[in-house]
Amino acid sequence: MIKADIVSKVQKVTGLSKQRAQEVVELTFESLKEAFRQDEKVELRGFGIFKIKERKKGVGRNLKTGELVPIKGGKMVKFKSSSRFNKG
Amino acid sequence: MTKSDIVEMLSKNSSIPKKQAEMIVNTVFASITEALEENEKVEIRGFGTFKVKQRKPHNARNPKTGDKVFVEEKKIPYFKPGKELKEFINNI
């Protein structure tokens, strides 16, 4: 399934035009992204929780050559599915 | 942030009534759920991919009591953030 399939479902349920449905689906994911950027967790009942996890900076090694490589660190989005979901 | 905050943001950004915005948000996540229930992968460009992984049956322990427990095989939904999303949250 890709975004276009979600768009057509939204179109069916709401009766919006295809273009408009595309816009609102895009905006839905944009809202989530905006929350992530502000390090906010997003909790969607019955679906799951998205959390931002900080990754540490550090030094790693290329296992093949033994060279030292820097690990940049940064943030990552983690998803934990709702327990209701798991059973389903 | 909860679903109602997402609904509010969507309603504001798209100038769509809140009720309809709620319907849209529900439909988006319900359709992802449905696809995953049928073991279908859901790929959302610019965001990420949802996939179902099969976990094998295994023996585990109750961390509280130390008792051995058998865990049946089960399916777990996974989310892998896309490159664009990773760059977005890291302000790259």
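Just so it is clear: chains get the letters A, B, ... in the order the sequence lines come, proteins before strands, and each one is counted from 1. Small disclaimer: the values here were computed from a predicted structure and weren't measured.
Looking only at heavy-atom pairs under 4.5 Å with chain A, the residue among B:Ile24, B:Asp5, B:Asn13 that has the most is B:Ile24. Each of B:Thr2, B:Ile44, B:Thr49 has some count of heavy-atom pairs under 4.5 Å with chain A, and the biggest count is that of B:Ile44. Counting heavy-atom pairs closer than 4.5 Å to chain A, the top-ranked of the candidates B:Val42, B:Val25, B:Val7 is B:Val42. Heavy-atom pairs under 4.5 Å with chain B were tallied for A:Met76, A:Lys80, A:Glu23; the largest tally goes to A:Met76. Note: A:Leu32 leads A:Asp39, A:Leu32, A:Asp5, A:Ile52 in heavy-atom pairs under 4.5 Å with chain B.
Geometrically, A:Lys33 engages B:Phe88 in a cation-pi contact, judged by NZ or CZ lying under 6.0 Å from the ring centre and within 45° of the ring axis.
Residue A:Val25 is tested with B:Leu10, B:Val28, B:Thr27 for a side chain to side chain contact (heavy atoms under 4.5 Å, CB included); the sole match is B:Val28.
Under the 4.5 Å side-chain criterion, counting only non-hydrogen atoms from C-beta, A:Glu43 is not in contact with B:Met1.
Both the backbone and the side chain of B:Glu43 come within less than 4.5 Å of a heavy atom of chain A. Neither the backbone nor the side chain of B:Ser11 comes within contact range of chain A; no heavy atoms are under 4.5 Å apart. With a threshold of 4.5 angstrom between heavy atoms, A:Glu34 approaches chain B through its backbone and through its side chain.
For the residue pair B:Lys68 and B:Asn62, no side-chain donor N or O sits within less than 3.5 Å of a side-chain acceptor on the partner.
Aromatic ring pairs are classed by plane angle as parallel below 30°, tilted from 30° to 60° and perpendicular above 60°; the pair A:Phe79 and B:Phe79 is perpendicular. Taking the six-membered ring where the residue is Trp, B:Phe47 and A:Phe29 present tilted rings, their angle falling between 30° and 60°.
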